[in-house]
Amino acid sequence: MDDVKLIASLVSQPAGYTISIGGGLDITRLDENIFSVTFPESESIDSDIKEKRFKDAESAARFFEQKRQALKLGDDFLTEDDE
């Protein structure tokens with residue numbers, strides 16, 4: 001299962017799971033058909049946090065993953081100097 005499908009599946013669950021990656025990037029289900037992605041406006045440490053809402057989990061998950069890649073957030077972007 002690819003990352004987008006995995007994320008969409010998890011946040012679609014009725015339990016109300018939220019996925020959060022440091023730096024202000026989060027995805028959660030607000031209602032049955034409303035999904036929210038909060039994200040920093042830029043890579044700056046004091047960047048404003050924005051929110052975008054989606055009507056389906058897969059669109060929200062795709063946007064979340066695109067932002068994660070663009071902002072280089074997550075352990076897969078760590079370098080030896082960061083550890």
Side-chain angles (χ1 to χ4, degrees):
M1 181 179 290
D2 72 20
D3 291 350
V4 170
K5 289 187 188 294
L6 182 63
I7 292 165
S9 178
L10 184 61
V11 297
S12 294
Q13 298 301 309
Y17 294 109
T18 296
I19 298 173
S20 180
I21 294 185
L25 183 61
D26 304 300
I27 182 172
T28 194
R29 177 181 166 184
L30 300 176
D31 204 351
E32 188 174 342
N33 294 313
I34 302 173
F35 300 87
S36 170
V37 177
T38 55
F39 57 97
E41 197 170 43
S42 71
E43 293 181 29
S44 172
I45 193 135
D46 54 347
S47 176
D48 289 338
I49 301 295
K50 301 284 187 176
E51 178 191 28
K52 187 168 181 175
R53 292 185 178 187
F54 299 85
K55 293 182 179 180
D56 67 272
E58 194 156 326
S59 295
R62 190 175 304 107
F63 181 80
F64 175 85
E65 184 59 21
Q66 288 169 346
K67 283 294 181 184
R68 189 185 82 76
Q69 294 287 330
L71 296 167
K72 295 183 169 65
L73 296 173
D75 289 351
D76 53 336
F77 289 106
L78 290 178
T79 62
E80 289 185 32
D81 293 341
D82 295 335
E83 294 176 359

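For reference, positions follow the sequence shown, starting with 1.
Nearest heavy atom pair, residue Phe54 against residue Val37, reads CE1-CG2, 3.9 Å. The two residues Ser12 and Ala57 have their closest heavy-atom pair at OG-CB, 3.1 Å. Shown here for Pro40 and Ser47, the closest heavy-atom pair between the two residues is C-OG, 3.8 Å.
Connectivity analysis of hydrophobic side chains (ILVMFWY, heavy atoms under 4.5 Å, direct or indirect) links Val4 to nothing; its cluster partners are none.
A heavy-atom distance below 4.5 Å is found between the side chains of Leu30 and Glu51. Phe77 places a side-chain heavy atom less than 4.5 Å from the side chain of Gln69.
Atom CD of Gln13 sits in a crowded spot, with more than 12 heavy atoms from other residues, nucleotides or ligands closer than 6.0 Å.
Taking CD from Glu65 and CG from Leu73, the interatomic distance works out to 10.5 Å, rounded to the nearest 0.5 Å. Between the OG atom in Ser20 and the CD1 atom in Ile27 there is a gap of 11.5 Å [rounded to 0.5 Å]. Between atom CD of residue Glu32 and atom NZ of residue Lys55 there is a gap of 14.0 Å, rounded to the nearest 0.5 Å. A distance of 5.0 Å separates CD1 in Ile19 from CD1 in Ile7, rounded to the nearest 0.5 Å. Taking NZ from Lys50 and OG1 from Thr38, the interatomic distance works out to 12.5 Å, rounded to the nearest 0.5 Å. Taking CG of Leu25 as the reference point, atom CZ of Phe64 lies at 4.0 Å (rounded to 0.5 Å).
Ion pairing between Arg68 and Asp76 holds under the 4.0 Å rule for side-chain N and carboxylate O.
The aromatic rings of Phe63 and Phe39 stand perpendicular to each other, their planes meeting at an angle above 60°, with 30° marking the opposite boundary.
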